[in-house]
4 protein chains.
Amino acid sequence: MLNRVVLVGRLTRDPELRYTPNGVAVANFTLAVNRPFSNQQGEREADFINCVIWRKQAENVANYLKKGSLAGVDGRIQTRSYDNNEGKRVFITEVMAESVQFLEPRGASSNSNQGQGNDYYGGGPGPSGNDFGRQQNNNQNRSSGGFNEDPFANDGKPIDISDDDLPF
Amino acid sequence: MLNRVVLVGRLTRDPELRYTPNGVAVANFTLAVNRPFSNQQGEREADFINCVIWRKQAENVANYLKKGSLAGVDGRIQTRSYDNNEGKRVFITEVMAESVQFLEPRGASSNSNQGQGNDYYGGGPGPSGNDFGRQQNNNQNRSSGGFNEDPFANDGKPIDISDDDLPF
Amino acid sequence: MLNRVVLVGRLTRDPELRYTPNGVAVANFTLAVNRPFSNQQGEREADFINCVIWRKQAENVANYLKKGSLAGVDGRIQTRSYDNNEGKRVFITEVMAESVQFLEPRGASSNSNQGQGNDYYGGGPGPSGNDFGRQQNNNQNRSSGGFNEDPFANDGKPIDISDDDLPF
Amino acid sequence: MLNRVVLVGRLTRDPELRYTPNGVAVANFTLAVNRPFSNQQGEREADFINCVIWRKQAENVANYLKKGSLAGVDGRIQTRSYDNNEGKRVFITEVMAESVQFLEPRGASSNSNQGQGNDYYGGGPGPSGNDFGRQQNNNQNRSSGGFNEDPFANDGKPIDISDDDLPF
DNA sequence: TTTT
DNA sequence: TTTT
């Protein structure tokens, strides 16, 4: 059935790349998408939309996007649920990205402390043939929080990701 | 910023219509949207996507759609959060419908126990000028759950809806 | 780059199925999509949007949709041009459908003179495993117009379709 | 009925701003949207999609976008037809933009010969309150072609635009 | 805790 | 618990 989402926004933090036991890459990131209208206090708000992307594009996202990057997403809304550590069912609504477009011009927002430039590919959803040989989690400093409110925090539940989550 | 969602699916239950203290109508409903692919067990799954709609269209939705109705939604993803009764912050991702299209043909799925036929208006997002004089919650029998997991359950928190939630 | 179209409308005539020299199926159809607003004369107008779909789904469309069928389309806008018989370049804008959803309930609008019922598959973009063994053009009576206004009329230009038109 | 288009692409030339007899602004522009796949010759192609936008946003587009600017569009497909100077009916398919997002960072692609910087407003579809006092056609050098292939060329048919074209 |  |  029809289920289509298109977003343009900025990453609220570096993407988080992980691998399933079978070696399939998956990246999570959150887009801040500014609303086109102001609230009753006259302020512009944003929506913070969790996104997931799989396989090669997950690695591209991890390599080329970082906190603050402007990106476009074309995908579907997916919902899932899991039981949290208090035995309570938690429902998740997120965007399964089918393609991601890097909208940051060459060298933009590269005032990063990571020395890892992210390039701009107007012509497509990412680089082709550029494999940097580093697809590990570039976000390893997000771990070990004592609480578990963010379903995207993978800290306490590595078991939560499995090849069964692959939606195709 | 670009934020667009289009869905076609079936209501998982009757829509829930409420009013803000200022008398603004708002309806919540959940669309079951079947996935176009099968999972590893060969089963077709669905995504259950919470939707909100405001004002006149909320009343149309409450009057013309019910559990099982096929409907199309054009809108935006919105996120919000609230503190639940355990003082924990809960994050909600839902679709703010800007228009809803009734896709059920005349008399279809009218095997309802409510004797309230829902019509089909291919020409637009709903009836114009048909006011049945009954926009009250047609779902009043959903109440009194002891728990509070579903943010769409309005039972214990009428205060949760205010005119401040109006996004425009 | 982002290019996404979602439509719901009714076929203005039976779909037109053809095959490339290499045997790849392609179907053309036009969706009438009613506008959600009225014009200055208070009339509701419609947009007539040409769509193309390839391969197996082209055959499904030809088998299950006909004039008047309600359908949803998810796809991309594509543009192309060709030189007409007067040596003038003609520009075409059409929707490359990536998936089509049949929104007609079982037996609906089957008041057809073709005795070819079209079914309703809420669960997906088409039938799986139902091959009627007849994918030929079910529209052969559209031919031989002396004029050429409709770019979808293939009458005088069988050469216009080749495997090169396959966009992937 | 559902009719939704989302595009990200680059303007193929400066936008063309005009006014109806009643003083309503309307701008036309064409987006080049690169395809995410290559053709049989291994080349990346683009789709050239004609867009229209009305009123205040038309003036914003004319003031802030120019040839080469990266922009996002959210809108609907509209079709119309007119009789050309040879008495032949011409069918037009274009995108009625409901909002346009400027995706060019500050000062980007300002290697223009017009000395007219275009700014970047991540926060919305355009500037509010910045009126440059010049909304006239900034494209007056496009006229007087002897042929009429581009339906957007307004050269010979100023009558073609009227307030009746306003779709709302 | 879900639709057909 | 957020982007510019």
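Going from atom CG of Leu11(B) over to atom P of dT3(E) covers 11 Å, rounded to whole Å. Whole-Å rounding puts the Leu7(A) CG to dT2(F) P distance at 20 Å. Atom CG in Asn34(A) sits about 14 Å away from atom P in dT2(F), given to the nearest Å. At whole-Å resolution of the value, CD1 in Ile49(B) and P in dT2(E) are 17 Å apart. Atom CZ of Arg35(A) and atom P of dT3(F) are 16 Å apart (whole Å). For the pair Leu65(B) CG and dT4(E) P, the interatomic distance rounds to 14 Å; values are reported in whole Å. Between Lys66(B) atom NZ and dT2(E) atom P the separation is 20 Å, expressed in whole Å. One atom, CG of Leu70(A), and another, P of dT3(F), lie 15 Å apart when rounded to the nearest Å.
Here Arg10(B) does not reach the OP1 or OP2 of dT2(E): none of its side-chain N or O atoms lies under 4.0 Å away. Note on Arg44(B): every side-chain N or O is 4.0 Å or more away from OP1 and OP2 of dT4(E).
Residues Leu7(A) and Ile49(A) meet the side-chain proximity criterion, which asks for heavy atoms closer than 4.5 Å.
The listed nucleotides are dT2(F), dT2(E), dT3(E); the one nearest the side chain of Ala46(B) is dT3(E). The listed nucleotides are dT3(F), dT2(E), dT4(E); the one nearest the side chain of Phe48(B) is dT2(E). Counting only heavy atoms from C-beta on, Thr30(B) has its side chain closest to dT2(E) among dT3(E), dT3(F), dT2(E). Nearest nucleotide to the Phe91(A) side chain, out of dT1(E), dT3(E), dT1(F): dT1(E). Distance from the side chain of Thr12(A) is smallest to dT2(F) among dT2(F), dT1(F), dT1(E). Nearest nucleotide to the Asn50(A) side chain, out of dT1(E), dT2(F), dT3(E): dT2(F).
With sequence neighbours left out, Arg4(C) forms a salt bridge (charged side-chain N to carboxylate O under 4.0 Å, His left out) with Asp74(A), Asp74(C), Glu98(C). Residues satisfying the salt bridge (charged side-chain N to carboxylate O under 4.0 Å, His left out) criterion with Glu86(A), sequence neighbours excluded, are Lys88(B).
Here Thr30(A) contributes atom OG1 and Glu16(A) contributes atom CD; the two are 9.0 Å apart, rounded to the nearest 0.5 Å.
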Would you check, one step at a time, whether the test salt bridge (Lys or Arg N to Asp or Glu O under 4.0 Å) holds for Arg35(B) with Glu43(B)?
-> CA-CA 10 Å; Arg35(B) 295 188 181 168; Glu43(B) 310 152 332; over 6 Å; no
